[in-house]
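All remarks here apply to the structure that follows.
These numbers come from the heavy atoms of this one structure, side chains and all, not from hydrogens, waters or symmetry mates.
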Amino acid sequence: MSELHDPVPTREKVLVIGAGPAGLAAAAALKALEVPFDLVDRSAHVGGIWNEEREDSPTWRSMEMVSSRRFTQYEDMIQPVSFPDYLRPEQMGKYLRAYAARYDLTEHFRPGVEVRSARPFSEGVWQVEFSTGEIHIYAAVISAHGISERPHLPAWAAEVDPAIHVIHSKQWNGADGLEGRRVLVVGSGQSAADIAVDAARRALEVRWSVRTGHWIVPRHIAGMPGDVAASREPAALGKLSDAIAQTVIGRMAGDPSDVGLPKPSASVLEDAVIISDDVLDRIREGRITPIAPVTGVRADGTVVYADESDYRPDLIVLATGYETGADHLPEDVIPRTARGELDLFLGAFPRGRDDLVVLGQNRVSGGVLPILVEQADIAAYLMKAVRDGSPALTQFHRARAGSDSAVPVTTAGKGGGLLGRITEKLGTAPVNRRAAESTPPATRNPADSSEGRVVPFVDRDRLLGRLRTVRSLFA
């Protein structure tokens, strides 16, 4: 990041908070539109949670990404062919650093700087306090802090016997040291499955408490990454009905309910599928035991399940998701709905402000990067429209005032980010279109009133289509 000798004062800049995939996409789009900005991150390097030196990252060394590289790369810079279909965290971190260097984003980057608070005084006036003690005024804020800042904990977690070690999945750093120990993994999604498999490598016993059933999709189907096939790519499942798709997946991996997991609540083409080659095999081998949902804790700290059985593990891992919001933003800066969810237009844009965008407050099955890029593009166009007084701003306001469902879904369009579309026009961008995928809303537990604040699952197909429609208002 430019220091105090930067000729552009901060009051004329956009502050991008977080240098992960979303923050880099926003920075690249702002630079392409010649909107001045600063980029900060608490880490010493760009990459966000994929920076292997970052102590608070929810990744671990042996982890493999659940999205294939086709869905985790910017279209204006493909990943090296030497990379595997599913990257490890250090490979994704290396790729993101290369992306930042390619577009000179590091010139605007200030490492090791955390935002303590960002508070609006009026439209276009934000007071930002950094961990360095500096206080600056910015014209706008794009918060790309990710979803792992606020771990969600079930109410019963506070009642567990202190002798039982309880951690959130964000704190998981591998199975080393679990020899002879009993582990309980709680959660229904991808993180829970991955951690259960990892724990089973070393632990004496692993039990997996699952509330909602999901289909388990292999990492590769018919020679292609499983997330590509599950997203109805024409070469594999795209032309097949749900029933046939389920038959294909069932024959390759098996029906999850046959091994004691809950029956999937949606069809395979609509489900928030779990990508794994190992979890069903570990269950069949007896190294992972599916159990009923946890309902509470006895007076002695023993965990109780819905089937009235109980268990006393040595370690509980809560893969129970994350809550929306950011610690550096005032709680009232983005109103919440009656269900407790952030009221963000298309998952990123507060309905009453043009000077704040919050990226990445959605979950999808598979790669979320296409959504982040579309949101980042619109954010950059919005910031430029405000600076230039563009008439497109009125059109955006009109769309933002309505419901998300009122925005038409554009099913075809260019993806990959502003830089990707520019380089594509120059004939230098690779052809790499991603297919759409539908995911159901997250299943909520009525007994947990805080679950409205958990980062929600969204239908990726529809959200991408609506983002493309709104982006077309500007470009």
Original post:
Without hydrogens or angle criteria, can the side chains of Asp194 and Trp172 be said to hold a donor-acceptor pair below 3.5 Å?
Top reply: no
Subject >> Residues forming a ring pair (Phe, Tyr, Trp, His ring centres under 6.0 Å) with Phe349, sequence neighbours excluded >> reply: Phe396
Subject >> side-chain contact (heavy atoms from CB on, under 4.5 Å) involving Glu34 - partner list, sequence neighbours excluded >> reply: none
Subject >> Parallel, tilted or perpendicular, as decided by the 30° and 60° cut-offs, for the rings of His145 and His328 >> reply: perpendicular
Subject >> Partners meeting salt bridge (charged side-chain N to carboxylate O under 4.0 Å, His left out) with Lys94 (sequence neighbours left out) >> reply: none
Subject >> Between Thr410 and Arg471: side-chain donor-acceptor atoms closer than 3.5 Å >> reply: no
Original post:
Angle class for the His136/Tyr138 ring planes (parallel below 30°, perpendicular above 60°, tilted otherwise)?
Top reply: perpendicular
**OP:** Can you measure from CD (Gln79) to CG (Leu96) and round to the nearest 0.5 angstrom?
**Re:** 8.5 Å
Subject >> All pairs passing salt bridge (Lys or Arg N to Asp or Glu O under 4.0 Å) where residues 146-157 contributes a residue, at least two apart >> reply: Arg42-Glu149, Arg150-Asp327, Arg150-Glu331
**OP:** Taking only Lys NZ, Arg NE, NH1 and NH2, and the carboxylate oxygens of Asp or Glu, determine whether Asp38 and Arg110 approach each other closer than 4.0 Å.
**Re:** no
Original post:
Partners of Thr394 by side-chain contact (heavy atoms from CB on, under 4.5 Å), sequence neighbours excluded?
Top reply: Arg398
Subject >> With Phe345 via ring pair (Phe, Tyr, Trp, His ring centres under 6.0 Å) - residues at least two apart >> reply: none
Subject >> Sidechain N-carboxylate O distance under 4.0 Å for Asp404, Arg351 >> reply: yes
